[in-house]
Amino acid sequence: MANIDLPIRDSFGSKLGVVAATAGSAVGLGNIWRFPYVAGENGGGAFLLIYLCFVFAIGFPVMLAEFTIGRRAQRNALGSFKKLAPGKPWYLIGLMGIVAAFMILAFYSTIAGWTLEYLVQASLNGFDGKTTDQLTRSFEIFQSGSFRPVLWQLVFMFLTAFIIYKGVKNGIEKYTKILMPLLVVLIIIICIRSLTLEGAKDGLDFLFRPDFSKIKLNVILIALGQAAFSLSIGMGTLITYGSYIQKDNNLPVTALQVSTADTVIAILAGVMIFPAVFAFNINPAEGPGLVFIVLPNIFEQMAGGYFFSILFFILLAIAALTSTVSVLEVVVAYFSEELNMSRSRATVIAAAAISIVGIFATLSFGPLSKALIFGKTIFEWFDYLSANILLPLGAILIVLFVGWYLGKKNVRDELSNRGELKGKFVSTFMVIVKFIAPIAITMAFIYGLGLIG
Ligand code: PHE
């Protein structure tokens with residue numbers, strides 16, 4: 001497929017850069033903030049097991065399908081479908097992705113803002129000498145406020161927009177390459193401290209010993225949603241990033257590396273959190289505040305806790321930033337390529353619009369906490385609709401597109417780099433995207449929504 005009609009697009013400069021940026025998108029608050037609390041609310045070990053099945057049996061093929069579409073079309077999430085399937089309604093998948101991007105960024109920036117508040121608290125030595133109760137209380141007071149949470153959210157959105165404004169190679173790629181490995185090292189250090197706390201074993205039992213009596217049907221959907229959210233699949237982020245991947249990159253290997261890295265970090269986050277949850281007698285089903293309550297407790301008990309706490313919240317904020325950047329990029333690439341806006345204009349408009357929506361998510365913990373719609377706050381709706389509905393639905397349509405519309409010849413061409421790599425797995429991949437993945441996701445979806453069963 002010739003690309004002579006396109007202006008020269010920005011792209012990732014190196015293979016390491018691709019893995020760093022894509023892993024930067026995947027690894028974020030989804031692993032360190034969302035995974036532990038969602039696992040905590042849904043039974044621990046049994047949840048983990050279902051989650052792992054979804055990541056490798058479904059998440060990985062969907063990731064590969066998105067890379068295939070993006071690199072083939074060299075366009076944004078919506079334009080890719082328009083280019084590959086002109087005049088067909090497949091581009092609606094891209095539109096759904098843009099809506100999902102708005103919702104995700106709106107609630108994600110709330111939590112990302114919290115990481116900045118906690119960075120400041122850590123710098124001021126704010127955890128020192130406090131009991132578990134006091135740390136819980138100060139989190140609740142902060143979270144239910146208005147001014148500070150909203151301010152930090154806006155600061156975070158500004159940082160995200162700044163990196164996007166700088167472009168793909170000099171923005172996204174440059175920062176993620178250095179900072180992601182540092183985050184892993186730090187998490188391992190904190191894991192060691194958490195594991196040496198008295199009572200740590202109960203936490204490991206909770207995380208690794210499946211108790212299937214705790215599994216209700218909707219847990220299947222929640223695990224699927226968490227897998228999709230954590231891998232950044234189902235909304236076109238990886239189509240967009242795929243479009244910046246150079247032609248000689250081995251897509252299956254990249255997708256496998258990224259899925260594995262993402263999963264290892266989620267499990268490490270669990271190992272960091274749950275021993276401490278049990279050691280400090282915190283409720284594992286504490287909800288979105290879990291990480292922000294547990295971690296200060298660990299730092300308080302840790303030699304060098306002051307230093308490590310600052311470093312941790314810096315890195316957590318950065319992990320969040322490399323994810324928010326990838327979500328905003330979906331919208332900005334769409335605005336600039338399809339609506340003919342300049343990149344800077346697209347960045348400002350998208351970031352401003354999302355920030356306004358995001359304020360409502362942030363205030364859901366405070367002044368709007370009683371503004372329930374069918375029992376959920378605005379924050380909870382954004383989270384639920386995006387992760388558990390839009391991403392799985394997007395994932396189904398994406399694999400169907402690759403399996404039934406794009407077809408084996410195009411897929412083989414793309415996955416084997418036009419015949420340069422061995423493409424033995426292509427037939428297996430086609431069976432997965434045509435049949436196994438769509439059927440499995442649809443079943444998990446229907447069961448999880450409680451429509452049958
Ligand atoms: N995967 C990111 C995380 O785990 C969140 C994300 C979801 C990013 C969807 C992009 C698209 O934090």
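For ligands, and for the atoms within them, numbers begin at 1 and follow the listed sequence.
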Check: S25/S232 side-chain N/O donor and acceptor closer than 3.5 Å: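 Side chains of S25 and S232: pair found under 3.5 Å.
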Donor-acceptor contact present, side-chain N42 to main-chain I215, <3.5 Å: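 Absent.
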Check ion pair E117-R148 (N to O, under 4.0 angstrom):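 A salt bridge is present here (some side-chain N lies under 4.0 Å from a carboxylate O).
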Identify every side-chain donor-acceptor pair in residues 222-229 under 3.5 Å, counting partners at least two apart or on other chains, and give the distances.
unit_1: Q226; atom_1: OE1; unit_2: R34; atom_2: NH1; d: 2.6
unit_1: Q226; atom_1: NE2; unit_2: G30; atom_2: O; d: 3.0

Using a 3.5 Å cut-off and no angle test, enumerate the donor-acceptor pairs between side-chain atoms of residues 384-401 and protein atoms at least two apart in sequence or in another chain.
unit_1: S386; atom_1: OG; unit_2: F382; atom_2: O; d: 2.7
unit_1: S386; atom_1: OG; unit_2: D383; atom_2: O; d: 3.2

Could you pull out every donor-acceptor pair under 3.5 Å between side chains of residues 347-358 and any protein atom, sequence neighbours left out?
unit_1: T347; atom_1: OG1; unit_2: R343; atom_2: O; d: 2.6
unit_1: S355; atom_1: OG; unit_2: A351; atom_2: O; d: 2.7

Contact residues of ligand 1 (heavy atom under 4.0 Å), by chain and number: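 Residues near ligand 1: S25, A26, G28, L29, G30, N31, I104, Y108, F229, S230, S232, M235, T237, S323, S326, V327.
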